[in-house]
*Asks:* 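To start, I am sharing the structure in question, which I have written as structure tokens.
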Amino acid sequence: MEAECPICGSPVELPDDVMAGELLECPSCGATLEVYEQDGTFLLREAEEIGEDWGE
Amino acid sequence: MEAECPICGSPVELPDDVMAGELLECPSCGATLEVYEQDGTFLLREAEEIGEDWGE
Amino acid sequence: MMVVKVGGRTLGNIPLIARDLVGHQPFVLVHGGGDLVTEYSKRMGVEPRIVTSPSGIRSRYTDERELEVFVMVLAGKVNKEIVSSLIDLGVGAIGISGVDGPTLIAERKRRIIVVERGRRRIIPGGYTGRIEEVRTDHLRLLLDSGYNVVMAPLARGTQGEMLNVDGDQAASRLSSALKPDYLIMLSDVEGVILDGELVSRLTPEEAEELAVRLGAGMNRKLMMAADVARSGVRVVISSGLVDEPITEALNGAGTHVIPS
Amino acid sequence: MMVVKVGGRTLGNIPLIARDLVGHQPFVLVHGGGDLVTEYSKRMGVEPRIVTSPSGIRSRYTDERELEVFVMVLAGKVNKEIVSSLIDLGVGAIGISGVDGPTLIAERKRRIIVVERGRRRIIPGGYTGRIEEVRTDHLRLLLDSGYNVVMAPLARGTQGEMLNVDGDQAASRLSSALKPDYLIMLSDVEGVILDGELVSRLTPEEAEELAVRLGAGMNRKLMMAADVARSGVRVVISSGLVDEPITEALNGAGTHVIPS
Ligand SMILES: [Zn+2]
Ligand SMILES: [Zn+2]
């Protein structure tokens, strides 16, 4: 299973047990990508910045 | 199984499956008696007046 | 100022009730929610105990474990969800129970007679009380300062225990003490129905006469309405399931019990 | 006036804490109780979800179902039991949560990164918040009129949702806003222990320096104590498990963080 990198257009391999929200790195351009699900298909979008700080 | 009526001293038959709090009538004097348990034995005492009114 | 009783079966309509309350501040909202207690008791493995009175009336018995669920669901979940719905609309709301203050002081039946296996038995009364005293200083303080109060139908027992109390009784007793302009009792019925017709207006005397001809539930509600109306408060018994329950009640919907 | 935080593990000592509070009114008591949430979640069939951060920190994740239990146990059961204990002693007490008013407004993390199956994943943040705003008008109103306030550590989220918040943080932020004479933080430890010795007195600056050398839990507590002390409030971190926790704290027990 693979999906297209929204940044550079290269194909990115998805794990067999891919999870919505999973973070992957595009092997071609190095962008951090987030997996999301739409109509039963897993797609990729650029991941927004989320801090490591867990607050309380 | 039987217990003694605290009013007239007559023996009062207890049901086999007697329950603490159960109300019985003494066949001799007619008093309403309450069953209570003490050290594994069922005894009888005069029942106090409790209204039927259940409030709410 | 008004007191509004929101029955358990109208809780689903809280968003619309809350919206309608925005224009009718300040208010004290007394809520029900007993049906939810049954549901959560089951989830927590607390089996409901049904007892039968010597005259054959079956009723739910509130034991210590069920009272705990009652406190959690009514004073916790339901109360805070209603408060949140009000604050969503910019309405300042503070949720308490009758235990707090204390506001409601009730007497618990110490012992009751039930019928088990066809035989009469005395058991300790459940954790249910009849309201004996109402204290409203803190309510007036909050209401006078622009806060609205959401109240769960719990009371402090005269022995210090927590007790569940009837929501209609709580709303009625609070109304007799606070003397609001209106007590509006919202439930899933449109008002008092007699021979298939809604009764729209009653004096306290007419309400008491009529009460004896009505079924369980409504007869008690109407008796309490008559009591409250006698203290000079206008009482409306109406539907909480419409779009604007408060506005409609004030505009004449439901059954109005008017001080004579 | 004082603010007292009663940690979850000292709730068992509420009868003695309440007795000691009789002579120190008015007060705001902020309580914990998270351990009970775990117990009741289990009883209600809500499985705890533990998540791992990318840096390896494992923590409990408050999902919607667990938040519901949190509201029921903290704002319902624990809050009303403490209120009852106080009223038993003749102390007027009103139990609310940070949702009421609202008193505490918090920001929920919208999305967090966790590690699952060894891979990083973005999930919605749990129903836990960081307090952003504190509103105390209604608290002052009640305190000024002789009522004491018992507060459950819940907050209203900026999106209107209910959130669980850290009890120490709630007590600290309330103290910075209310400016009580004392903030007393009672837990199951005697105070700040350094090299086996109780540290009895710190300035805010010393507290901050020391905090980085302490373990999780106490380091955050001490940072918050330093913050509160900077706002001019004397803070005591001491044991809630002794006979007279408040009196002992005021008499010098525990660790005092004193405004410099
Ligand atoms: Zn790429
Ligand atoms: Zn006899």
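Each chain gets a letter, A, B and so on, in the order the sequences are listed, and its residues count up from 1.
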*Asks:* Can you tell me which of Val71(C), Asp137(C), Leu141(C) forms the most heavy-atom pairs within a distance under 4.5 Å of chain D?
*Replies:*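 Ranked by heavy-atom pairs under 4.5 Å with chain D, first place is Leu141(C).
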
*Asks:* In Å and rounded to the nearest 0.5 Å, what is the CE to OG distance from Met224(C) to Ser176(C)?
*Replies:*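 The OG atom of Ser176(C) is 11.0 Å from CE of Met224(C), to the nearest 0.5 Å.
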
*Asks:* Determine whether a donor-acceptor pair (N or O, by modelled atom type, separation under 3.5 Å) exists between the side chain of Arg111(D) and the backbone of Gly125(D).
*Replies:*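 No.
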
*Asks:* Considering only heavy atoms, which portion of Met44(C) lies under 4.5 Å from any heavy atom of chain D: side chain, backbone, both, or neither?
*Replies:*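 It is both, since atoms from each part get that close.
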
*Asks:* First locate atom CG of Leu143(D), then atom NE2 of His138(D), and finally report the distance between them rounded to the nearest 0.5 Å.
*Replies:*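 Atom-to-atom, Leu143(D):CG and His138(D):NE2 are 10.0 Å apart.
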
*Asks:* Give, as side chain, backbone, both or neither, the part of Val46(C) having an atom under 4.5 angstrom from any heavy atom of chain D.
*Replies:*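 The answer is the side chain of Val46(C).
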
*Asks:* So which part of Tyr40(C) gets closer than 4.5 Å to some heavy atom of chain D, the side chain, the backbone, both or neither?
*Replies:*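 Contact with chain D involves the side chain of Tyr40(C) alone.
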
*Asks:* Would a 4.5 Å heavy-atom cut-off, applied to side chains only, mark Val51(D) and Arg49(D) as touching?
*Replies:*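 Yes, at least one pair of side-chain atoms sits under 4.5 Å.
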
*Asks:* Closest heavy-atom contact between Tyr61(C) and Glu66(C)?
*Replies:*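 Smallest heavy-atom distance, with atoms named: O-OE2, 4.0 Å.
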
*Asks:* For chain C, which residues of residues 7-38 of chain D have at least one non-hydrogen atom nearer than 4.5 Å to it?
*Replies:*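 Against chain C, none of the residues of residues 7-38 of chain D fall inside the cut-off of heavy atoms under 4.5 Å.
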
*Asks:* Using a 4.5 Å cut-off on heavy atoms from C-beta on, say whether the side chain of Met1(C) contacts that of Pro180(C).
*Replies:*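 Yes, at least one pair of side-chain atoms sits under 4.5 Å.
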
*Asks:* Answer yes or no: is there a side-chain heavy-atom contact under 4.5 Å between Arg65(D) and Ser41(D)?
*Replies:*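 The answer is no; the side chains never approach within 4.5 Å.
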
*Asks:* Kindly indicate, with the supporting measurements, whether the criterion salt bridge (charged side-chain N to carboxylate O under 4.0 Å, His left out) is fulfilled by Asp166(D) and Arg130(D).
*Replies:* CA-CA 8 Å; Asp166(D) 178 67; Arg130(D) 175 195 289 275; over 6 Å; no

*Asks:* Take a 6.0 Å sphere around CD of Glu116(D) and say whether it holds more than 12 heavy atoms from other residues, nucleotides or ligands.
*Replies:*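 More than 12 heavy atoms, drawn from other residues, nucleotides or ligands, come within 6.0 Å of this atom.
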
*Asks:* Hey, which residues of residues 79-106 of chain D are touching chain C, say heavy atoms under 4.5 Å apart?
*Replies:*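 At a heavy-atom separation under 4.5 Å, chain C is reached by Asn79(D), Lys80(D), Glu81(D), Val83(D), Ser84(D), Ile87(D), Asp88(D), Gly92(D), Ala93(D), Ile94(D), Gly95(D), Ile96(D), Ser97(D), Val99(D), Asp100(D), Gly101(D), Pro102(D).
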
*Asks:* Can you tell which of Lys42(C), Glu161(C), Arg156(C) has the highest number of heavy-atom pairs within less than 4.5 Å of chain D?
*Replies:*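 So the answer, after comparing Lys42(C), Glu161(C), Arg156(C), is Arg156(C).
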
*Asks:* Under 4.5 Å between any side-chain heavy atoms of Ile123(D) and Ile113(D), yes or no?
*Replies:*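 Answer no - side chains too far apart.
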
*Asks:* Tell me whether Glu132(C) at atom CD has more than 12 heavy atoms from other residues, nucleotides or ligands lying less than 6.0 Å away.
*Replies:*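 Atom CD in Glu132(C) is crowded, with more than 12 foreign heavy atoms closer than 6.0 Å.
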
*Asks:* Hey, are the side chains of Ile246(D) and Ile184(D) touching, using non-hydrogen atoms and a 4.5 Å cut-off?
*Replies:*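 Yes, close enough: below the 4.5 Å cut-off.
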
